[in-house]
Amino acid sequence: MEIKSGHSSSLMTDSPPISNSRLTIRQNKLPYSSAAATALSQNNNLFLTVPRKKTGILDGVKSSGWLDAMKSSSPPPAILNKDNITSDATGMSYCEWTLKYPSALATFEKIMSFAKGKRIALFLDYDGTLSPIVEEPDCAYMSSAMRTAVQNVAKYFPTAIISGRSRDKVYEFVGLSELYYAGSHGMDIMSPAGESLNHEHLSRTVSVNEQGKDVNLFQPASEFLPMIDKVLCSLVESTKDIEGVKVEDNKFCISVHYRNVEEKNWTLVAQRVDYVIRTYPKLRLTHGRKVLEIRPVIDWDKGKAVTFLLESLGLNNCEDVLPIYVGDDRTDEDAFKVLRDGPNHGYGVLVSAVPKDSNAFYSLRDPSEVMEFLKSLVTWKRSLA
Ligand SMILES: O=P(O)(O)OC[C@H]1O[C@H](O[C@H]2O[C@H](CO)[C@@H](O)[C@H](O)[C@H]2O)[C@H](O)[C@@H](O)[C@@H]1O
């Protein structure tokens, strides 16, 4: 397990730690050279400049909107009204919202009428999409029924899992060797054995997987690994007295979970994280579902990973390709945007049980609807044979 746990402080509480997860030292199972990735980072201008506020720590946390973002995550405040949920964020009921983001199940035939004669490429987020959101990040298992659905759909369409988790971890959860995997928010891409990642401009490295078979890797942030390791240790140390904090090693990025932290201590979490990362101008912070995510300042995200995979698969800029991306999180918006506005026109499908604004075209309520959608794709494809 690559999950680190913050332990309860005897000064703050007598409760036991929420998890027994231990601090592990990361091991790179797959050897690779970072030289190519370093060169491409510099040559292709992948570096971003992130302006930092020069205020005090508490002021910085407040003025940068961290706390607002932390409070509004997962899910946005909502008023429950049986099947119809009204979100404070959009002011819309769920029914109204689905007029803007129609259900991909209810409009399945319409979507498939666009897909006729096209090759579908499928991109699936993991947490909240293939597995339900749970309290403990290391217990976010997908059901065997969902695994079968993903396995079946991958028989007909190239399928990639695009996750904020480390690639090793998400591979462990999904367990299907025939898929493409993009871990660390797309910064760690691996082809299935026997498939390549041929890209016109960006070079990949060849490595071996657990079965000793050759796989292609693309890791544009590999030069940041020593820095990420250092920051990981600092974050574990600096948050260990806050009950419920978990610092998760996602290889090229770090997640600081506050789902199990009392809300009154969220400011403290934000301050401690801010204190650590403010001395690292090459790192930036993004927000997920009750999680602060720290990542390198390269111009790379889930959207870039989708474009990279389409290009590597020879499916970019093709009139006869329909990419579909299913995801639930803010970080999936980068991919929705790429499919909405970029040359590789496709459909983003937002998984959400509450109304929220999105760059997606369609919606699904939860992972069980995602599974139905995957099954429907298979039935549709089989019906064409
Ligand atoms: O890109 P994803 O595959 O959606 O990963 C995003 C983050 O997912 C995980 O955290 C989220 O799910 C946990 C399990 O349900 C939940 O406890 C947590 O509150 C959520 O934020 C994962 O642990 C993170 O590392 C990923 O970045």
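Fair warning: this is a prediction, and the values are worked out from it, not measured in the lab. Just so you know, residue 1 is the first one in the sequence shown, and it goes up from there. Atoms within a ligand are numbered from 1 in the order they appear, just like the ligands themselves.
- Taking a cut-off of under 4.0 Å to the non-hydrogen atoms of Glu135, the atoms of ligand 1 that pass are 17 (O).
- Summarising the contacts of atom 20 (C) of ligand 1 with Glu293, His185, Arg295, Arg289, the nearest heavy atom is found in Arg289.
- Taking a cutoff of 4.0 Å between a charged side-chain nitrogen and a carboxylate oxygen, Lys100 and Asp357 qualify as a salt bridge.
- Taking the centre of each ring, Phe173 and Tyr141 come in below the 6.0 Å mark.
- Near Tyr126, the atoms of ligand 1 lying under 4.0 angstrom from a non-hydrogen atom of the residue are 3 (O).
- Below 4.0 Å from some heavy atom of Ser255 lie the following atoms of ligand 1, by number and element: 24 (C), 25 (O), 27 (O).
- No part of Asp332 comes within 4.0 Å of ligand 1, judged by heavy-atom distances.
- Compare Asp329, Ile254, Val134, Asp125 by their heavy atoms: the one nearest to atom 15 (O) of ligand 1 is in Val134.
- The shortest heavy-atom distance from Pro132 to ligand 1 is under 4.0 Å.
- Taking distance alone, with nitrogen or oxygen atoms compared against 3.5 Å, Ile133 stays at or beyond that limit from ligand 1.
- Ion pairing of Lys169 with Glu172 is present here, as a side-chain N (NZ or NE/NH1/NH2) and a carboxylate O approach within less than 4.0 Å.
- Of the heavy atoms in Ser163, both backbone and side-chain atoms come closer than 4.0 Å to ligand 1.
- Ion pairing of Lys246 with Glu248 is absent here, as no side-chain N (NZ or NE/NH1/NH2) approaches a carboxylate O to less than 4.0 Å.
- Aromatic pair Phe224/Phe252: ring centres not closer than 6.0 Å.
- Salt-bridge annotation for Lys302 and Asp332: present, with a side-chain N of the basic residue lying under 4.0 Å from a carboxylate O of the acidic one.
- Comparing heavy-atom distances from atom 25 (O) of ligand 1 across Glu248, Glu136, Lys246 singles out Glu248 as nearest.
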Applying side chain to side chain donor-acceptor pair (under 3.5 Å), run through Ser166 and Asp168 and close with a yes or a no.
-> CA-CA 5 Å; Ser166 75; Asp168 284 350; 5.6 Å; no

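- Atom numbering of ligand 1 starts at 1 in the shown order; those under 4.0 Å from a heavy atom of Val291 are 21 (O).
- The heavy atom nearest to atom 1 (O) of ligand 1, considering only Arg165, Lys302, Arg259, is found in Lys302.
- The aromatic rings of Phe373 and Phe108 sit perpendicular, their planes meeting at an angle over 60°, well past the 30° parallel limit.
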